[in-house]
Amino acid sequence: VQGRNATVIRAQSAAIDLIEIDQPGVRIGRKGRGFTLRGATGGGSAGINVDAANVRIEGNRITANNQGINADTGEKIQIRHNDVDDNMAIGIACYGCERGMIQDNRVYSNNLAGIHVGLGADRAQIRRNLVRDNGHRGISADEFSLQIVVRDNAVYRNGYAISDGGIELQDVAGATVQGNISTDNYSYGIIAVQFEPGTLTMRHNLVTAANVDAFRLVSLQAARLENNTAMQALSDGFEMTGSANFASLKNNNSIGSGSCGIRNSTALPLAYGKHFFSGNGLTVCGGGGYGNTSEAARLNKTNVNQARNL
């Protein structure tokens, strides 16, 4: 093995974790001087399993295990500059890792999700990771984690095993999703489901070539959706459904979506601002209401004119 992963550590038994960390302050690897960890393939095992605080995992390759990195408990865990690939389950899973940082990793070709944070991962940050070609969703968060940050990640070609999407947040009590690029994932580009009032901010994200909707938002209350771009979605650029409502919906762009630029399938009016539409099937669809039918008709006509002028 070349370069930073020159030392290979193999599991003596497939049924146990390759490295188990249960004491705080442990560091595994350094940027440019890590290890290759492989062979923990038994059910429930992982290349690295963490049950302690202030642990740093950096500069390693974790490959060909059941799960790559699993953090069950412990605040301020840092997972940086690792390659996590070709594991049988999730690449990086973080539960109970309050204020954890998952940053600058390459997470690819894992059979399930690339990166997942769950119950107790309050204020965890997922930043600047390259997440590609994983069998389920690229990045996911659920189980009422509080104030998650998903920022500046590149997420593509995920979800091939079950037609899953790029980034998925569900039942999360607060999140900022900003500056991510999601492209060519097998379902939605970015989907958010069931947030508490005013807790989702989604801005400056780019979604291209989604196989369903680029952005799908389900039962959100007073969320902010600003300065996002959807391009070449097979269905809608932006779809709002359930009981979704927005404090701010402005300056978003939908270009070349197969169906609608914005589809409002809720029973609530949306606070629309200025947007740019071009080359979509229709600009505004659904029964929630852009305000009135004449306004929707005018925007649909504008959408056609913009497409002709490209």
Side-chain angles (χ1 to χ4, degrees), residues 1 3-122 124-126 129-131 133-143 145 161:
V1 181
R4 64 180 185 171
N5 302 310
T7 301
V8 179
I9 303 175
R10 297 179 184 273
Q12 292 184 339
S13 170
I16 61 174
D17 299 319
L18 187 53
I19 295 178
E20 173 78 31
I21 301 172
D22 59 6
Q23 297 296 316
V26 173
R27 182 168 188 164
I28 303 295
R30 294 180 182 273
K31 184 179 178 181
R33 291 185 293 164
F35 305 95
T36 291
L37 308 173
R38 64 191 309 152
T41 56
S45 63
I48 300 176
N49 191 68
V50 181
D51 284 298
N54 297 299
V55 170
R56 185 163 185 148
I57 301 167
E58 184 171 14
N60 306 286
R61 184 183 182 199
I62 300 97
T63 184
N65 302 285
N66 174 60
Q67 190 153 287
I69 299 171
N70 183 69
D72 282 327
T73 58
E75 65 177 0
K76 296 184 180 179
I77 294 169
Q78 297 188 47
I79 302 171
R80 299 173 180 261
H81 300 287
N82 301 283
D83 279 15
V84 184
D85 68 279
D86 293 283
N87 296 288
M88 297 164 61
I90 299 172
I92 299 173
C94 192
Y95 307 92
C97 49
E98 183 176 355
R99 290 180 286 175
M101 176 68 75
I102 303 171
Q103 180 173 304
D104 294 316
N105 302 283
R106 296 190 298 184
V107 185
Y108 56 96
S109 301
N110 299 286
N111 286 358
L112 301 184
I115 298 173
H116 177 74
V117 298
L119 183 64
D122 298 344
Q125 299 193 41
I126 304 170
N129 300 282
L130 172 63
V131 185
D133 297 302
N134 297 287
H136 290 197
R137 60 192 67 94
I139 295 173
S140 64
D142 62 17
E143 297 182 293
S145 297

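The model shown is predicted, which means the values in this text are computed figures rather than measured ones. Values reported hereafter were calculated over all heavy atoms of this structure, with side chains retained and with hydrogens, waters and symmetry mates removed.
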Nearest 0.5 angstrom please: [X] [atom1] to [Y] [atom2], how far?
X    : Y    : atom1 : atom2 : answer
N66  : L18  : CG    : CG    : 12.5 Å
I69  : I77  : CD1   : CD1   : 10.0 Å
Q78  : M101 : CD    : CE    : 7.0 Å
D86  : T63  : CG    : OG1   : 4.5 Å
R106 : L130 : CZ    : CG    : 7.5 Å

Any donor and acceptor pair, going by atom type alone, linking the side chain of [X] with main-chain N or O of [Y] inside 3.5 Å?
X   : Y   : value
D17 : A46 : yes
N82 : I57 : yes
N54 : P24 : no
N65 : A40 : yes
S45 : G42 : yes

Taking all non-hydrogen atoms of both residues into account, name the closest pair between [X] and [Y] and its distance.
X    : Y    : result
G91  : V84  : O-CG1, 3.3 Å
A141 : H116 : N-ND1, 4.4 Å
N70  : Y95  : OD1-CE1, 3.9 Å
V131 : I115 : CG2-CD1, 3.9 Å
S145 : G118 : OG-O, 2.5 Å
R38  : A64  : NH2-CB, 4.0 Å

Q. Are D122 and R99 close enough, and set up right, to give a salt bridge (charged side-chain N to carboxylate O under 4.0 Å, His left out), and what steps lead you there?
A. CA-CA 6 Å; D122 298 344; R99 290 180 286 175; over 6 Å; no

Q | CA sep, side-chain torsions, deciding dist, call: R27, E58, side-chain contact (heavy atoms from CB on, under 4.5 Å) | A | CA-CA 8 Å; R27 182 168 188 164; E58 184 171 14; 2.9 Å; yes

Q: Can you spot which of I62, V26, L37 makes a side-chain contact (heavy atoms from CB on, under 4.5 Å) with I19?
A: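 Running side-chain contact (heavy atoms from CB on, under 4.5 Å) over I62, V26, L37 with I19 returns exactly one hit, L37.
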
Q: Identify which one of I102, I126, V117 satisfies the side-chain contact (heavy atoms from CB on, under 4.5 Å) criterion when paired with I92.
A: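 Testing each of I102, I126, V117 against I92, the sole residue satisfying side-chain contact (heavy atoms from CB on, under 4.5 Å) is I102.
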
Q.
With side-chain contact (heavy atoms from CB on, under 4.5 Å) as the criterion, how do T36 and N60 come out once you've worked through the C-alpha distance, each side chain's angles and the decisive distance to 0.1 Å?
A. CA-CA 6 Å; T36 291; N60 306 286; over 6 Å; no

Q) Going by atom types alone, do N49 and E20 pair a side-chain donor with an acceptor below 3.5 Å? A)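 N49 vs E20: donor-acceptor pair found between side chains.
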
Q.
Looking only at the side chains, is there a donor atom on one of N87 and D85 sitting less than 3.5 Å from an acceptor on the other?
A. no

Q: Please collect all disulfide (SG to SG under 2.5 Å) contacts where either partner lies in residues 63-107, sequence neighbours excluded, each pair once.
A: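 Qualifying pairs, neighbours excluded: C94-C97.
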
Q | CA sep, side-chain torsions, deciding dist, call: D72, V50, side-chain contact (heavy atoms from CB on, under 4.5 Å) | A | CA-CA 6 Å; D72 282 327; V50 181; over 6 Å; no

Q: List the steps, then state whether side-chain contact (heavy atoms from CB on, under 4.5 Å) holds for R56 with I28.
A: CA-CA 6 Å; R56 185 163 185 148; I28 303 295; over 6 Å; no

